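Single-structure report; data block below.
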Amino acid sequence: MSGKAISGAEIIINSLVDLGVEVIFGYPGGAVLPLYDALYDQDKIRHILVRHEQAAVHAAEGYARSTGKVGVVLVTSGPGATNAVTGLTDAMLDSIPVICITGQVPVHLIGSDAFQEADTVGITRHCTKHNYLVRDVDKLSRTMHEAFYVATSGRPGPVVIDVPKDVQIYTSDHVHSGTIKHASYRPEVKGDINAIREAVKLLAGAKKPVFYTGGGVINSGPAAAQLLREMVQLTGAPITSTLMGLGAYPASDKQFLGMLGMHGTYEANNAMHDCDVMICVGARFDDRVTGRLDAFSPNSKKIHIDIDRSSINKTVRVDVPIVGDVAHVLEDMLKLWKATTLENGRQSYDDWWAEIEVWRQRDCLKYTPQDDVIMPQYALERLQELTKDKDVYFTTEVGQHQMWAAQYLKFDQPNRWMTSGGLGTMGYGFPAAVGVQIAHPDALVIDVAGEASIQMNIQEIGTAIQYGLPVKIFILNNEYMGMVRQWQELNHGGRYSQSYSESLPDFVALAKAYGGHGIVVEKPDEVDGAIREMIETDGLVIVDCRVAKLANCFPMVPSGAAHNEMILPEEDEENQEYEGGAALV
Amino acid sequence: MHHTHKEIELAVRHTLSIIVDNEAGVLARVIGLFSGRGYNIEHLTVAPVDLEGNESRITVVTIGTPHVIEQIKAQLDRLVPVHRVGDLTECGPHVERELALIKVHCKGEQQLAALRIAEAFRAKTVDSSLDSYIFEVTGKTDKIKAFIKLMDDVGLVEAVRTGVAALSRGAEAL
């Protein structure tokens with residue numbers, strides 16, 4: 001609280017520097033002009049100019065999820081803020097730490113329906129972890145630090161700081177330093193040791209245990225993923241992961257059963273259904289995971305580790321709740337497990353693994369490759385094979401391609417897989433890839449997309465070109481909003497209402513128009529060449545991969561079915577004619 | 001609702017006390033949580049309670065199954081400006097009161113009836129004209145309801161209620 005008085009805009013920039021921020025994603029406008037003016041004079045923070053505010057938030061999410069740092073966004077008032085709402089909601093649902101600074105009309109105009117005025121804190125109250133309207137420049141520095149603390153601690157999430165234009169101009173000498181001690185917000189990280197002891201006891205007595213892990217492991221940090229590996233390998237138990245948790249445990253390890261849930265593997269869902277002890281680590285019993293609730297894993301004792309108390313017993317009642325940070329809890333759990341099993345040993349899982357092996361033999365991700373049409377699964381298998389030795393990050397849009405990517409790409413490390421899980425936001429993947437590439441300039445960053453999703457934020461090609469980001473967009477183009485079409489086929493008698501992608505652009509010409517490179521690939525034997533060309537080409541590349549139009553994503557737990565009632569691929573193929581006219585390009 | 005608990009859970013009435021920072025938008029956060037997640041609000045009162053005016057106390061009477069009540073408390077607890085959430089219904093005996101103002105329009109015999117009922121309910125007459133009264137009555141929700149019902153027969157014009165304010169019995173604070 002001393003020193004020279006500086007403007008609110010400078011306070012914001014200085015706070016960002018103090019908090020270790022190197023990059024912000026934003027778009028200027030009237031109500032943030034003082035902030036943009038302050039950015040002009042400094043070189044500590046790099047500003048990435050997006051083409052749409054929604055993309056700024058997704059880019060910040062990609063940046064955050066691939067680094068473990070917080071993603072920072074700067075947008076103007078009114079439409080700038082409302083455009084950011086989808087991204088904020090996405091970050092909320094997937095627990096991604098994001099700070100979004102929004103401009104606001106000057107304090108004396110608030111409430112007068114001024115030009116580009118929106119009630120930003122009102123609108124974003126439900127889609128942020130917390131938000132602030134800063135009316136007093138003296139409180140700005142403290143608020144910035146507090147917002148970072150809230151966004152990054154406990155269960156992470158997006159925080160909005162709404163700053164009226166005059167507050168950016170007024171000066172103050174109030175500068176916050178040091179750590180934040182919040183009066184009411186104090187998340188617990190250590191789990192209750194008695195509950196952990198009970199969990200270890202339950203686990204040691206289990207004959208058919210399964211680890212069910214989620215995005216919380218990744219949010220907890222690399223130490224959590226390391227401890228999870230140790231714990232799972234020490235116990236010898238099978239492990240499955242949610243969409244958000246992929247990479248926390250190596251997909252190539254034999255104890256990994258693949259993803260669970262609506263498009264999860266046969267072995268993962270059956271193991272979840274038939275287990276006697278379930279250890280849920282940083283996952284939240286989402287409806288895409290549980291299927292019909294009253295048939296979800298009916299005979300198991302359930303242990304739930306979650307940093308958010310409200311996630312526990314929300315939909316599925318658990319027997320041993322442990323509120324705490326995954327890494328902290330797993331550390332304690334490992335110690336107790338070692339001590340317990342040293343004394344009493346543990347049950348043999350041989351019979352359990354034999355059961356699982358039978359499910360594995362079903363080979364639920366098998367598909368029938370075609371000679372003249374590219375199966376989407378084949379394209380992803382090749383993408384996996386040809387990128388596996390690279391420093392590679394994948395993002396996705398939302399739909400069939402996303403689920404296939406989750407099934408066929410293999411992640412052995414955390415923070416390498418960025419996807420919109422909770423909100424299911426089409427248009428997430430490409431701007432997220434921009435954010436990832438900014439954080440990892442030399443890495444191979446690939447957005448696995450659909451031809452429909454990619455068009456939802458395709459304007460960001462401009463951003464990628466401007467900053468020389470060599471993002472690769474790999475479009476599985478089936479000319480349908482594939483997942484919508486699949487549901488219409490399964491649930492609406494094949495009445496494909498509005499799900500055909502009419503008037504598609506020439507993606508090769510589109511890439512070229514922006515200054516990138518485009519590749520179209522139509523035959524299976526051209527796939528490897530196209531992928532190699534994509535990898536070897538400097539700069540932005542779009543691969544327009546024309547795939548079988550009517551392929552379905554299986555296994556699938558139909559909505560409302562129990563999680564062990566899966567439609568498997570071969571059962572479907574009996575009713576499908578991939579070689580028939582409609583399936584051919 | 002739950003695989004291991006097939007019994008039907010009955011909705012029950014709970015009185016919750018929530019201590020919050022007295023800052024702009026805090027009430028909107030709390031009631032927005034109730035509306036956004038489909039929880040009930042039967043009564044709601046809010047006012048600053050400490051001398052400096054830094055903290056407010058919100059009393060919410062809600063109805064839900066035990067599972068929903070647990071969720072409400074957990075969800076409230078994770079709001080950043082919420083200091084404490086207390087469940088008075090769960091924490092043992094507590095005192096609940098609300099205040100109501102009731103305006104009646106009546107003449108002749110009905111005036112006497114109104115005054116007699118008011119006396120029986122220990123209501124105060126806080127306004128009167130030749131053909132109307134405003135009564136102030138405090139008590140539990142049931143008593144207020146009973147009073148309004150009786151006044152309806154006499155000539156109820158309008159009524160206003162503060163909603164429930166509640167504290168646990170004994171020396172302990174929330």
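Per chain, numbering begins at 1; letters A, B, ... match sequence-line order. It should be emphasised that the depicted structure is a prediction, and the values quoted were computed from it without experimental measurement.
Counted within 6.0 Å of CZ on Phe34(B), heavy atoms from surrounding residues, nucleotides or ligands total more than 12; the atom is thus considered enclosed. The local environment of NZ in Lys73(B) is crowded, with over 12 non-hydrogen atoms from other residues, nucleotides or ligands closer than 6.0 Å. Counted within 6.0 Å of CD on Glu136(B), heavy atoms from surrounding residues, nucleotides or ligands total more than 12; the atom is thus considered enclosed. Taking a 6.0 Å sphere around CD of Glu172(B), one finds it holds 12 or fewer heavy atoms contributed by other residues, nucleotides or ligands. In this structure, Lys143(B) places its NZ atom where more than 12 heavy-atom neighbours from other residues, nucleotides or ligands lie under 6.0 Å away.
Side-chain contact between Pro81(B) and His130(A) is present, with heavy atoms from C-beta onward closer than 4.5 Å. Side-chain contact between Arg29(B) and Arg125(A): present, with at least one pair of heavy atoms (C-beta onward) separated by less than 4.5 Å. Between Asp21(B) and Ser184(A), some side-chain heavy-atom pair lies under the 4.5 Å cut-off.
Looking at Val80(B), both its backbone and its side chain come within 4.5 Å of chain A, counting heavy atoms on both sides. Within the 4.5 angstrom heavy-atom criterion, no atom of Leu133(A) approaches chain B. For Arg155(A), the part lying near chain B is the side chain, with the backbone staying farther off; criterion is any non-hydrogen pair under 4.5 Å.
Across all non-hydrogen atoms, the minimal contact from Gln71(B) to Ser310(A) is NE2-O, 2.8 Å. Residues His126(A) and Gly32(B) approach most closely at CE1-O, 3.3 Å, considering heavy atoms. The two residues Arg78(B) and Asp308(A) make their nearest non-hydrogen contact at NH1-OD2, 2.5 Å.
Of the charged side-chain nitrogens involved, none lies within less than 4.0 Å of a carboxylate oxygen, so that Glu23(B) and Lys139(A) do not count as a salt-bridged pair.
In terms of modelled atom types and a separation under 3.5 Å, the side chain of His67(B) and the main chain of Lys314(A) share a donor-acceptor contact. Checked by atom type and distance alone, the side chain of Glu70(B) never pairs as donor or acceptor with a backbone atom of Asn313(A) at under 3.5 Å.
Between chain B and the residues His182(A), Arg186(A), Arg309(A), the most heavy-atom pairs under 4.5 angstrom are made by Arg309(A).
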